[in-house]
Amino acid sequence: MTGTTDTTGAADAIDVLVVDDDFMVARVHRAFVERVPAFRVVGVASSGGQAVAAVDRLRPDLVLLDLYLPDVFGLDVIPRLRTAGHDCDVMVISAARETDAVRGAVRHGVVDYLLKPFEFEDLRARLERYATQRGRLLTTVVRGQADVDRVLAGASTPATAGAALPKGMSVETAELVEQALRGADGTLSATECATLTGVSRVSARRYLEYFHTTGNAEVSLRYGAAGRPERRYGWRA
């Protein structure tokens, strides 16, 4: 059975369909998604057949797709959606660690692949990165190669990919801070970065300093009327 929600919210909301055969897991994923601004869950499906029917009816922008479904392997749902004319994006959320599964997901054009189990911050970072890239694709007017390159640059590999982060730092939070820096209009303080990413100011400062030491971010000082100067961080182009 497929659960649905009211779809009369904000016009610019990103509608999400959650597909997982474990109803408790689906409930957790639904709750995670609904904690991220601009995202709303419009339905839940527990099988491949239900997923295709739900997409037909609900027309979501993004499908969070488990691979171990009772009727079909999750990746087999994607060509069925394309054959039916649906261009919704797909993000795989699965415990499948097999290389063939990951390669297959890439070949099918998924926007991301998140391994179970995971924390809320792990999913939030990926959803926010997806929202940024989706917004860029929807608003860009292509007049030439430079515009194409600018759009594709949004899907480039994060600076933290493959990096050995210091102990106690996570790739997901590093990507979240990197995204905030890249999208900032100018520079950010640790406090501003913390507000944008939802992490503590101390954590934001640590990640900002990490990017400074790796050469990905530059630091400037802003002097006030009194007290120590404020350190501000900007992403290096």
Side-chain angles (χ1 to χ4, degrees), residues 1-131 133-134 170-173 175-176 198:
M1 181 177 181
T2 304
T4 61
T5 61
D6 182 11
T7 60
T8 60
D12 59 350
I14 298 176
D15 292 340
V16 179
L17 173 70
V18 175
V19 182
D20 200 294
D21 67 328
D22 187 322
F23 78 95
M24 289 299 295
V25 172
R27 181 181 297 176
V28 171
H29 293 178
R30 178 177 193 155
F32 280 178
V33 172
E34 291 179 340
R35 289 172 60 187
V36 183
F39 286 85
R40 63 181 176 189
V41 176
V42 295
V44 177
S46 60
S47 69
Q50 286 186 11
V52 174
V55 171
D56 280 335
R57 184 174 67 260
L58 301 172
R59 304 299 173 114
D61 302 300
L62 177 66
V63 176
L64 301 188
L65 180 66
D66 186 21
L67 296 187
Y68 297 136
L69 299 175
D71 53 348
V72 296
F73 188 57
L75 292 182
D76 294 333
V77 172
I78 301 176
R80 291 172 61 180
L81 294 176
R82 303 304 179 230
T83 299
H86 300 301
D87 61 355
C88 54
D89 293 315
V90 176
M91 181 183 299
V92 169
I93 296 184
S94 177
R97 288 170 165 78
E98 297 84 1
T99 302
D100 286 346
V102 178
R103 288 176 177 171
V106 173
R107 286 195 297 270
H108 282 88
V110 303
V111 298
D112 214 327
Y113 194 115
L114 179 58
L115 287 173
K116 298 178 182 177
F118 56 87
E119 301 295 331
F120 166 65
E121 292 294 338
D122 302 327
L123 179 60
R124 182 176 77 163
R126 284 163 171 78
L127 289 178
E128 290 182 340
R129 186 168 62 211
Y130 165 76
Q133 176 65 1
R134 181 174 183 271
S170 72
V171 171
E172 291 76 20
T173 303
E175 290 181 0
L176 198 61

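Of the possible donor and acceptor atoms, one in the side chain of D71 sits under 3.5 Å from a partner among the backbone N and O of G49. Listed for the R40 side chain is no donor-acceptor partner under 3.5 Å among the backbone atoms of A38.
R103 CZ: 12 or fewer foreign heavy atoms inside a 6.0 Å radius. A 6.0 Å sphere centred on CD of E98 holds more than 12 heavy atoms belonging to other residues, nucleotides or ligands.
In terms of heavy atoms, R82 sits closest to H86 at NH1-O, 2.8 Å. Of all the heavy atoms in A51 and V19, the pair that sits closest is CB-CG2, 3.8 Å. Residues V92 and A105 approach most closely at CG2-CB, 4.3 Å, considering heavy atoms. Closest of all the heavy-atom pairs between G48 and V72 is CA-CG2, 3.9 Å. The two atoms that bring A96 and A101 nearest to each other are CB-CB, 4.2 Å, heavy atoms only. Nearest approach of L69 to G74, heavy atoms of both residues: CD1-CA, 4.0 Å.
Residues D61 and D89 form no side-chain contact, since every pair of their non-hydrogen atoms from C-beta on lies 4.5 Å or further apart. Residues M91 and L123 are in side-chain contact: their nearest non-hydrogen atoms beyond the backbone lie under 4.5 Å apart. Side-chain contact check for R126 versus E172: some heavy-atom pair is nearer than 4.5 Å. By the 4.5 Å heavy-atom criterion applied to side chains, D21 and S47 are not counted as neighbours. Considering only heavy atoms from C-beta on, I78 comes within 4.5 Å of V110 through its side chain. Under the 4.5 Å side-chain criterion, counting only non-hydrogen atoms from C-beta, Y113 is in contact with L67.
The CD atom of E175 sits 12.0 Å away from the CD atom of E128 when rounded to the nearest 0.5 Å. With values rounded to the nearest 0.5 angstrom, F32 atom CZ is found 12.0 Å from L64 atom CG. Between atom CG of residue L127 and atom CD1 of residue I14 there is a gap of 8.0 Å, rounded to the nearest 0.5 Å.
For D112 and Y130, the side-chain atoms include no donor-acceptor pair closer than 3.5 Å.
Applying side chain to side chain contact (heavy atoms under 4.5 Å, CB included) to V44 and the options Q50, R30, H29, R27 leaves one that passes, R30. Here the rule is side chain to side chain contact (heavy atoms under 4.5 Å, CB included) with L62, and of L17, V90, D15, V111 only V111 fits it.
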Exercise. Would you check, one step at a time, whether the test salt bridge (charged side-chain N to carboxylate O under 4.0 Å, His left out) holds for K116 with D20?
Key: CA-CA 12 Å; K116 298 178 182 177; D20 200 294; 2.6 Å; yes
